[in-house]
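What follows is a set of notes on a single structure, which appears directly below.
Keep in mind that this is a model prediction, so the values were computed, not measured. Computation of the quantities below employed the complete heavy-atom set of this structure, encompassing side-chain atoms and omitting hydrogens, waters and symmetry-equivalent molecules.
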Amino acid sequence: MLSRVLHPVGVPVGLALLAVALLGGVGLVSVHETNDTALRDAQERVQSNRDAAVRALVHQTTALKRSVGTWSEERAVVQGLRAPTPEGLSLAAEQLSVLARSADSPAAFMANVGGSNVAIYPSQPELLGKSFSFRDWFQGAARTGRPYISSAYISAASGHPLVVGVAAPVLDGSRRVGYVTVLWQLESVRVVAEGAQRDDGVTITVTDQRGQPLTGTLTVDDRGQPRVAAISTMTRDALAGRSTSTVSDAIIRVAGPVPGVGWTVTASLPSSVALAPARAFQRNLETGLGLALLLVLIAIGLAWRLARRRVAEQSAIRESEGALRASEDRFRRVFDESLNGELMVSSEGDVIRVNDTLAALLSREPRGFVGQSFAALFEDKADRLRIQELVAAGTGELRAGMGLAHIDGRSLRAMVALSFMYEHDGGRVLLAQVEDITARRAAEQRLTELALHDELTGLANRRLLIERCEQAFARALSGRGQSTSVAALFIDLDGFKPINDRAGHDTGDQVLVAVAADLLATLQPTDTVARVGGDEFVVLPGADDGLAYLRGVGERVTTAHRRPSA
């Protein structure tokens with residue numbers, strides 16, 4: 001019985017059933033809390049939208065009042081109202097056109113202290129001289145003596161229906177001579193209020209100083225004055241400067257004043273919209289519980305198979321990791337114990353591991369290599385460049401003979417093989433194998449020396465003589481030298497055979513060695529001649545250096561022409 005409880009399948013299945021039960025209990029509590037949270041979030045959304053609309057209206061109305069107040073001080077406006085001559089009013093009308101365009105207003109006009117219109121933009125002659133003292137913009141500006149934004153009305157200006165007027169008194173010194181007014185369409189008021197923070201489902205309503213709507217439908221009388229509409233309790237509180245928030249008639253409402261203007265803003269949201277997330281959560285919870293029960297049933301069938309597969313996979317992973325570690329251990333042993341020098345180089349080109357063979361070859365401690373540039377171990381600049389290019393590419397192979405610097409300054413010649421390999425962690429490293437070929441190269445050079453020179457005297461043999469003559473002839477024929485002539489020097493040793501016959505070959509060899517040494521010592525080139533024994537050889541003008549070699553590469557006698565001795 002205990003084994004069944006502790007079976008790998010029993011534990012997850014039991015936990016799943018317990019989780020479903022807990023989920024059901026928690027879900028009931030969560031639905032209630034979700035409703036409360038959704039309601040609070042909705043109130044915050046409504047409040048946020050109302051506050052954003054208030055800020056936008058304050059910003060816009062402040063800008064309009066500042067703009068109208070500034071233009072009321074313009075010299076042309078003051079003079080046009082102080083002395084309304086045709087010329088003065090023409091200049092004032094020009095200022096009105098600039099004011100209207102700068103404030104994005106459909107119309108602007110000037111009125112005298114009695115409220116009669118004296119100038120208007122765009123031009124509408126039928127409105128000149130007409131009194132608008134009954135308008136709220138005139139009464140508000142006259143009463144406060146400051147820029148004032150009126151309640152809503154239908155404008156008498158053609159083509160511009162529902163508007164509010166933004167008016168400012170015009171002063172000539174301390175004397176008031178009239179008023180400047182621009183119109184602000186109610187459509188613009190709605191755009192500013194709703195566009196401040198547009199939230200789906202939230203409705204913004206703006207009222208003027210009398211509680212009459214500035215957004216939505218507005219009814220007016222035959223003079224264009226708005227008809228008095230019913231004012232809600234929340235709007236009255238907002239007109240009195242108080243902010244309120246209520247949930248009634250399945251609608252969430254938040255209302256408050258617009259500072260400095262006297263208007264109000266009310267934001268509202270239906271409860272059905274506010275609680276929509278909670279309703280969706282409840283539906284999702286019910287669906288989730290059903291799916292959870294179904295999944296538990298499916299899990300009982302799959303858990304056994306998954307458990308067995310997991311055990312098999314873990315066993316395979318352990319075996320694979322063990323084999324990989326064993327393989328890497330074998331590689332490390334081969335690397336460390338190799339008779340050839342071996343290095344590992346990082347992807348940045350720095351040495352990360354060196355075996356003892358290479359360290360002994362270069363007379364350095366293995367740890368002295370770690371962290372150093374791999375390319376810096378080589379003498380030749382071209383070799384260093386090839387290695388740096390291979391490291392930068394991160395792929396490819398290289399095998400070439402290269403020179404290594406010994407710690408005591410000696411130059412070592414090595415055959416270097418470079419190739420990339422993967423580490424256990426997936427990184428790439430460069431593996432370098434270094435074989436010391438210094439002795440082999442010296443032996444090869446010695447064999448070459450013996451093939452081209454006499455072993456006894458060290459003088460060039462017939463093979464080297466023929467080779468140099470062929471080179472001289474080819475160069476002379478090609479015309480690359482200063483002269484196209486070639487000369488050869490032949491020296492015979494008289495009386496040598498009797499010495500060999502009477503004193504023996506050992507003595508003959510000693511004579512040949514002595515003669516060769518004397519020949520090399522006495523045959524010295526000068527600016528004009530070369531001397532051998534009693535004979536003198538004159539250097540030909542333009543003779544090419546290096547056409548006759550007596551001993552080794554680089555020991556030359558200039559091409560000469562024999563001058564008979566006295």
Side-chain angles (χ1 to χ4, degrees), residues 39-40 42-62 64-65 134-144 146-154 162-167 184-199 201-221 223-274:
L39 191 59
R40 287 194 300 270
Q43 288 176 316
E44 292 178 359
R45 284 172 54 197
V46 174
Q47 178 72 47
S48 177
N49 278 262
R50 191 206 72 86
D51 293 344
V54 168
R55 288 193 297 270
L57 289 172
V58 168
H59 176 77
Q60 184 67 23
T61 55
T62 301
L64 285 170
K65 288 192 292 185
F134 62 93
R135 294 293 194 202
D136 182 45
W137 58 262
F138 175 82
Q139 296 173 3
R143 181 178 67 254
T144 62
R146 295 191 302 271
Y148 179 81
I149 296 182
S150 75
S151 58
Y153 66 94
I154 288 185
L162 300 175
V163 296
V164 295
V166 184
W184 187 17
Q185 295 189 78
L186 294 193
E187 178 64 18
S188 298
V189 176
R190 183 189 64 78
V191 170
V192 170
E194 294 183 354
Q197 181 177 326
R198 190 169 186 83
D199 199 340
V202 177
T203 301
I204 299 295
T205 302
V206 183
T207 71
D208 61 17
Q209 299 92 324
R210 298 181 301 174
Q212 302 307 301
L214 295 178
T215 55
T217 303
L218 181 68
T219 59
V220 295
D221 58 21
R223 293 197 306 167
Q225 292 290 92
R227 297 185 186 276
V228 177
I231 303 175
S232 67
T233 302
M234 293 188 70
T235 300
R236 292 185 186 279
D237 290 339
L239 289 172
R242 296 187 296 271
S243 296
T244 56
S245 177
T246 64
V247 179
S248 61
D249 300 328
I251 297 178
I252 302 171
R253 293 184 178 89
V254 178
V258 179
V261 183
W263 295 354
T264 71
V265 174
T266 301
S268 59
L269 177 68
S271 298
S272 59
V273 177

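Contact between Q139 and F134 at its shortest, heavy atoms only, is NE2-O, 3.3 Å. R50 approaches A267 most closely through the heavy-atom pair CB-CB, 3.8 Å. Of all non-hydrogen atoms in S268 and V46, the two that sit nearest each other are N-CG1, 4.1 Å. What you find for Q185 and V163 is that their closest heavy atoms are CA-CG1, 4.0 Å. Taking all atoms of both residues into account, the shortest heavy-atom contact from R210 to A152 is NH2-O, 4.3 Å. Residue G256 comes nearest to A238 through the heavy atom pair C-CB, 3.7 Å, listed as atom of the first residue, atom of the second, then distance.
When the side chain to side chain contact (heavy atoms under 4.5 Å, CB included) test is applied to S150, the partners found at least two apart in sequence or on another chain are D136, W137, Y148, Y153, V164. Taking the side-chain hydrogen bond (donor to acceptor under 3.5 Å, both in side chains) definition, one finds that S232 meets it with T235, sequence neighbours left out. Take R236 and apply the side chain to side chain contact (heavy atoms under 4.5 Å, CB included) test, not counting sequence neighbours, and it matches I231. Partners of E44 by salt bridge (Lys or Arg N to Asp or Glu O under 4.0 Å), not counting sequence neighbours: none found. For R146, the side chain to side chain contact (heavy atoms under 4.5 Å, CB included) criterion is met by T144, not counting sequence neighbours. Every residue meeting the side chain to side chain contact (heavy atoms under 4.5 Å, CB included) condition with P147, not counting sequence neighbours, appears here in chain and number order: K65, A168.
Within the 4.5 Å cutoff, the side chain of V261 has no heavy atoms near those of the V58 side chain. By the 4.5 Å heavy-atom criterion applied to side chains, P259 and V54 are counted as neighbours.
Using a distance-only test at 3.5 Å, with no hydrogens or angles considered, a donor-acceptor pair links the side chain of Q209 to the main chain of I149.
With rounding to the nearest 0.5 angstrom, the NE2 atom of H59 is 9.5 Å from the CG atom of L64. One finds the OG1 atom of T62 at 10.0 Å from the CG atom of L57 (value rounded to the nearest 0.5 Å).
Under 3.5 Å, the side chains of T207 and T264 contain a donor-acceptor pair of N or O atoms.
Just one of L269, V247, V254 meets the side-chain contact (heavy atoms from CB on, under 4.5 Å) condition when paired with Q43; it is V247.
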